[in-house]
Colleague: 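Provided herewith is a single structure, encoded as structure tokens, for subsequent inquiry.
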Amino acid sequence: MIKHPSRHCAVELQALPSRIGQVRRILSAQLRYWHMDPLIDRAALGVTELLTNVHRHAQPDKTCTVEFELLLDRLVVSVRDHDPRLPVVADIQDTEPLATCGRGLAMVAAVSESWGVRPDGESGKVVWFTLPTPAAARPRPAAATRPPRRTVSVAETAGLVFPEVDVRRPEHAPARSAVVG
């Protein structure tokens, strides 16, 4: 996978409820900056679930690092903590209908393109997920340059004036998030 050097962000934090909301806002702002607004809701949901798992289950502490990286065709969001125990994915059918926990990784799996967990040395793990980027908003490789504009004579336009429009860059609607916080 080809990486773009300015398309990476990392945040170190204590996985406390108030900090989880801050990370969602940072992630949302970064995705807006990268013109990846369509990914905001799914990315915010996924990172919330991963950070909630650190808050509830990680030992010996709740310190973790959240990284988000925009590659050419996907966003990768990962959470690194200091607990070497790998998460156990509950079978959603075995979860009580009114249970308030046990569905987080199933939700991450449902909203992401792929997800996984890997040991991180002897004292931690990384849980990650990916989201495909919208084709129109994918960053262009450095070699892709704007084509030269063609000059049109007045005779060719027969007296009509056409405004110049760049159709390669769509207008972005204001971001709306269903995630509170």
Side-chain angles (χ1 to χ4, degrees), residues 1-13 15 19-58 64-81 83-95 101-120 124-144 168-181:
M1 288 185 236
I2 299 172
K3 296 181 181 182
H4 189 287
S6 65
R7 308 273 180 159
H8 179 265
C9 185
V11 179
E12 188 172 337
L13 68 138
R19 298 290 290 168
I20 294 170
Q22 289 176 326
V23 171
R24 275 197 314 261
R25 288 187 291 277
I26 291 168
L27 175 60
S28 297
Q30 188 65 55
L31 289 174
R32 277 189 211 93
Y33 178 75
W34 288 337
H35 304 290
M36 293 288 150
D37 300 41
L39 301 180
I40 291 172
D41 290 340
R42 292 184 300 149
L45 174 65
V47 79
T48 298
E49 293 304 327
L50 297 186
L51 288 173
T52 299
N53 283 349
V54 173
H55 174 69
R56 287 183 183 234
H57 306 291
C64 63
T65 303
V66 177
E67 294 184 67
F68 19 104
E69 183 171 28
L70 184 60
L71 305 174
L72 288 178
D73 60 349
R74 71 187 32 89
L75 173 71
V76 180
V77 178
S78 61
V79 175
R80 178 184 321 269
D81 66 38
D83 189 342
R85 297 174 302 156
L86 301 180
V88 176
V89 181
D91 186 351
I92 198 78
Q93 295 170 347
D94 293 339
T95 306
C101 61
R103 296 180 182 90
L105 291 175
M107 288 183 3
V108 170
V111 301
S112 66
E113 175 182 58
S114 61
W115 77 278
V117 60
R118 68 179 181 273
D120 186 36
K125 67 181 166 300
V126 177
V127 183
W128 55 269
F129 65 91
T130 65
L131 298 171
T133 57
R138 288 185 184 148
R140 290 184 280 254
R168 294 174 297 158
R169 191 152 208 216
E171 292 297 319
H172 295 284
R176 292 186 178 95
S177 177
V179 180
V180 178

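Because only heavy atoms are used, hydrogens play no part in the values below, and waters and symmetry mates are left out as well, while side chains stay in.
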Colleague: Residues two or more places apart in sequence or in another chain: which of them pass salt bridge (charged side-chain N to carboxylate O under 4.0 Å, His left out) with Arg85?
Modeller: Asp83
Colleague: For Ala15 and His55, work out which heavy atoms get closest and say how close.
Modeller: O-ND1, 2.9 Å
Colleague: Going from SG on Cys9 to CG on Leu27, what distance comes out if it is rounded to the nearest 0.5 angstrom?
Modeller: 8.5 Å
Colleague: Out of curiosity, His8 NE2 to Phe68 CZ, how far, rounded to the nearest 0.5 Å?
Modeller: 9.0 Å
Colleague: Please find the pair of heavy atoms, one from Glu67 and one from Ala10, that lie closest to each other, and give the distance.
Modeller: CG-CB, 3.8 Å
Colleague: Please determine which of Val79, Val127, Val66 meets the side chain to side chain contact (heavy atoms under 4.5 Å, CB included) test together with Val54.
Modeller: Val79
Colleague: At what distance, to the nearest 0.5 angstrom, does CG of Leu72 lie from CZ of Arg7?
Modeller: 9.0 Å
Colleague: Is there a side-chain contact between Leu39 and Pro134 (heavy atoms, below 4.5 Å)?
Modeller: yes
Colleague: Quick one: CE on Met36 to CG on Leu75, what's the gap to the nearest 0.5 Å?
Modeller: 8.5 Å
Colleague: Kindly compute the distance separating CG (Leu13) from CD1 (Ile26), expressed to the nearest 0.5 Å.
Modeller: 8.0 Å
Colleague: Ala43 and Leu131: which non-hydrogen atoms are nearest, and at how many Å?
Modeller: N-CD1, 3.6 Å
Colleague: Which pair of heavy atoms, one from Ser114 and one from Thr130, lies closest together, and at what distance?
Modeller: OG-OG1, 2.7 Å
Colleague: Begin with the C-alpha distance, continue with both residues' side-chain angles, and end with the deciding distance and a verdict on side chain to side chain contact (heavy atoms under 4.5 Å, CB included) for Leu70 and Val76.
Modeller: CA-CA 6 Å; Leu70 184 60; Val76 180; over 6 Å; no
Colleague: To the nearest 0.5 Å, what is the distance between CG on Leu31 and CG on Asp41?
Modeller: 10.5 Å
Colleague: So do Arg118 and Trp128 actually touch side chain to side chain, heavy atoms under 4.5 Å?
Modeller: yes
Colleague: Of all the heavy-atom pairs spanning Phe129 and Ser112, show the shortest one and how long it is.
Modeller: CB-CB, 3.9 Å
Colleague: Between Asp81 and Lys125, is there a side-chain heavy-atom distance shorter than 4.5 Å?
Modeller: yes
